[in-house]
Novice: 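Handing you this structure, nothing more for now.
Chain naming here is simple, since letters A, B, ... match the order of the sequence lines and numbering starts at 1 in each. Note that these values count all heavy atoms, side chains included, but never hydrogens, waters or copies made by symmetry.
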2 protein chains.
Amino acid sequence: MKKVSLADISKELGVSKTLVSFVMNGRAKEKRINDEVAEKVLAKAKELGYKADYLARAMRTGKSQTIGLVMADISNTFFSKLARSIENEAAEHGYNVIFGSSDENHRKSGKLIDVFKDKRVDGLIICPTIGDITHIKKLNKERYPYVLVDRYFNEVSSNHVVVDNYNGSFKIVEDQIQMGRKRIAFVNFNVELINMTERFNGYIDALKSYGYKYDSSIVKNVSFKNIEKETYLAMKELMKITPKIDTIYFSNNRLAFLGIKYLFENNTINFKKLKLASFDNYEFMHLLQVPIKFGVQPIEELGKSAVDSIMKQINEESGGVEHVKLPLDISFLN
Amino acid sequence: MKKVSLADISKELGVSKTLVSFVMNGRAKEKRINDEVAEKVLAKAKELGYKADYLARAMRTGKSQTIGLVMADISNTFFSKLARSIENEAAEHGYNVIFGSSDENHRKSGKLIDVFKDKRVDGLIICPTIGDITHIKKLNKERYPYVLVDRYFNEVSSNHVVVDNYNGSFKIVEDQIQMGRKRIAFVNFNVELINMTERFNGYIDALKSYGYKYDSSIVKNVSFKNIEKETYLAMKELMKITPKIDTIYFSNNRLAFLGIKYLFENNTINFKKLKLASFDNYEFMHLLQVPIKFGVQPIEELGKSAVDSIMKQINEESGGVEHVKLPLDISFLN
DNA sequence: CATTTTAGCTAAATCGATTAAGCAATTATA
DNA sequence: TATAATTGCTTAATCGATTTAGCTAAAATG
């Protein structure tokens, strides 16, 4: 019941391991192996139940048929859906996925990247966080196949696949404006992640292009770490401001969730006067009895596109750095 | 900038690879290596930036420091949270996690198990689906380290970690009874998965022990595949039944979500008369303006416990088959 | 002083597949 | 007919770490 190796087959048939290896890798023709011999090898392999040892092969070829996935937190729906999409697309190419969560901590992501490289993943899909620039630069230098998803850095060239944060955000705010909203507050993360700043820029520019004045007192920035407390605090402050705001726009589903939770827990809110908007959603969101509008991230395409980029790089079909920007699905605005 | 190997160190110092290997594995004392020599080796290793090659080591030792995780669908919150918990606990032990989704299809899970074994994962954490008995039996025969989570099979002995479905379900139904509900409908999956049948048994027995008569017309079973359509159909039928039901109890959060969605889309429902219950929840659930009560799965403990079981097996500290049954958190019933 | 023990180290096999280099026999070409 | 090309296959090195078996010299023992 123990493992069958190339050597076993070669011994039983009295041929060399080399020959068996060639046949098993489908290189019989190329290597001009006699058809009859090749067939015998295949038959014997089947009989003995031979399967190439993954580790031995990986060690020789340096290829592991595995992709490393580094995200902020797989238990977050956005990332778990992304992971699923990546898993599916990777499977199409015969690859598996090994994953790890960074919790937006670049020490963790750095460690994960190192371990995954150590395990010889053929490529890395990374949702980078602040401070990951160093790691990206290193990957660039080493020409290690990788692709960033959801976020990237202006300061360093990289393959990346992201959603069009700027235009998505612009349209969501524009929609509120067109609905007659006058004072649109914005709740964002206080970090320099490009997706977040782009959403902010979309907000600003939408206001501008409709002649609204930018009022920094109705823009709140909360931290990843104390997201719950700070979002609550931001909400509390926003509700007190005069003249009254009539829309709160959340730059992400998590913030929207917490904001809504706050509103429910402090149920003096009049939803005739206050509307909500969110850059992206949870599946549940439209069931909440709350006037909220949101975009929907093209998560599946993000994952698919990321894997495709990795595959191109692995197979060296890549024509240099690749930037993919997918539109936010705003069909739910109507 | 290329990889530093044991041989590089041994050459530079004029000692054998064996010695270097011993030192690097902390076996210097045991192998009676001269302290000065050992120190020299460590210093040189640091200087050259030596890191043991994972594949070479894995090939020799047969250990990959990786755990394989097979679930129904990582994009489902239950599983993604479980995955996160498993990832964390595995990391504590220096392990990574490679994952795959079976979509409740035993062909897929079988393939995943095979591939993961091929990749020499040191253990498997499996959320099995119907038809996986064969694979479990095989793992038993091979004495491959594994543990089932969330589900298991009565027909075959296995290590498993599950929630106490029976008692959890019993208490949820009991709670409805104590609230004065008279006709409690049940929406379940139509599959022979033990977690689902146990939830059903809890429902039945709670009814019985309070002298309720079991009425099969208010128990609906839907399939995994057409979950959306069939749940809608079940809801439609339940709402028509007379005498009117006054509680719908969903055996899982997904069913509850779809049921609620149906109710909202057919908004003639009077929530003064109809209450809801669900075995487990979504984070959002209590924000819905719906009278729903639910249990909360001890997901983190499930994952932690599963990894611990695997670790015991890997380190051969396991004293035979292990069954863990964790209580459902019902604190939200109050 | 002869023998045993111990300290300190190494050679070489091993895990299992891949592959560069090359050999022998046959066939084609000049 | 001598040389070149092709067919069909093999030997042995290699990837990098682990580990068994064993060697030498010094120290301990009787």
Novice: Would you say Arg27(B) places a side-chain N or O within less than 4.0 Å of OP1 or OP2 belonging to dT18(D)?
Specialist: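 Checking dT18(D) against Arg27(B), no side-chain N or O comes under 4.0 Å of OP1 or OP2.
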Novice: Under the 3.5 Å rule, do the base of dT19(D) and the side chain of Thr18(B) count as making a donor-acceptor pair?
Specialist: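 Indeed, a donor on one side and an acceptor on the other fall under 3.5 Å apart.
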Novice: Starting at the 5' end of DNA chain D, which residue's closest nucleotide do you reach first, Arg32(B) or Lys51(B)?
Specialist: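 Looking at DNA chain D, the more 5' nearest nucleotide goes with Lys51(B).
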Novice: Contact class for Val20(B) vs. all strands (heavy atom < 4.0 Å): base, sugar-phosphate, or nothing?
Specialist: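 Result for Val20(B) = nothing.
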Novice: Does a donor on one side chain sit under 3.5 Å from an acceptor on the other, for Gln313(B) and Ser309(B)?
Specialist: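 Yes.
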Novice: Look at the side chain of Ser158(A) and the backbone N and O of His160(A), then say whether any donor-acceptor pair between them is shorter than 3.5 Å.
Specialist: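 Answer holds: no.
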Novice: Answer yes or no: does a side-chain N or O of Arg60(B) lie under 4.0 Å from OP1 or OP2 of dG16(C)?
Specialist: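 Arg60(B) to dG16(C) OP1/OP2: no side-chain N or O under 4.0 Å.
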Novice: Whether the Lys119(B) and Thr66(A) side chains hold a donor-acceptor pair (N or O, under 3.5 Å, no angle test) is what I'd like checked.
Specialist: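 Result is yes, a qualifying pair exists.
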Novice: For the side chain of Thr61(A) and the base of dA17(C), is some donor closer than 3.5 Å to an acceptor across the two?
Specialist: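 No pair found.
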Novice: Just checking Leu6(B): base, sugar-phosphate only, or nothing, at a heavy-atom cut-off of under 4.0 Å?
Specialist: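 Base contact.
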Novice: Could you tell me whether Tyr50(B) contacts a base, only the sugar-phosphate backbone, or nothing, with contacts defined as non-hydrogen atoms closer than 4.0 Å?
Specialist: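 Sugar-phosphate contact only.
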Novice: Which of these nucleotides, dC15(D), dT11(D), dT18(C), is closest to any side-chain atom of Arg57(A)?
Specialist: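 Nucleotide nearest to Arg57(A)'s side chain: dT18(C).
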Novice: Counting the atoms with a prime plus P, OP1 and OP2 as sugar-phosphate, which does Ser5(A) contact under 4.0 Å by heavy atoms, base, sugar-phosphate, or nothing?
Specialist: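 Sugar-phosphate contact only - Ser5(A) comes under 4.0 Å of backbone atoms but never of a base.
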Novice: Looking only at side-chain atoms of Phe22(B), point me to the closest of dG8(C), dC15(C), dT20(D).
Specialist: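 Output: dT20(D).
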Novice: Below 4.0 angstrom from OP1 or OP2 of dT18(D), is there any side-chain N or O of Asn25(B)?
Specialist: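 Yes, such a contact exists.
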Novice: Would you say dC9(C) has OP1 or OP2 under 4.0 Å from some side-chain N or O of Ser16(B)?
Specialist: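 No, no such contact exists.
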Novice: Can you confirm whether the side chains of Asp132(A) and Ser109(A) place a donor and an acceptor under 3.5 Å from each other?
Specialist: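 Yes, because at least one side-chain N or O of Asp132(A) sits under 3.5 Å from a partner of the opposite role on Ser109(A).
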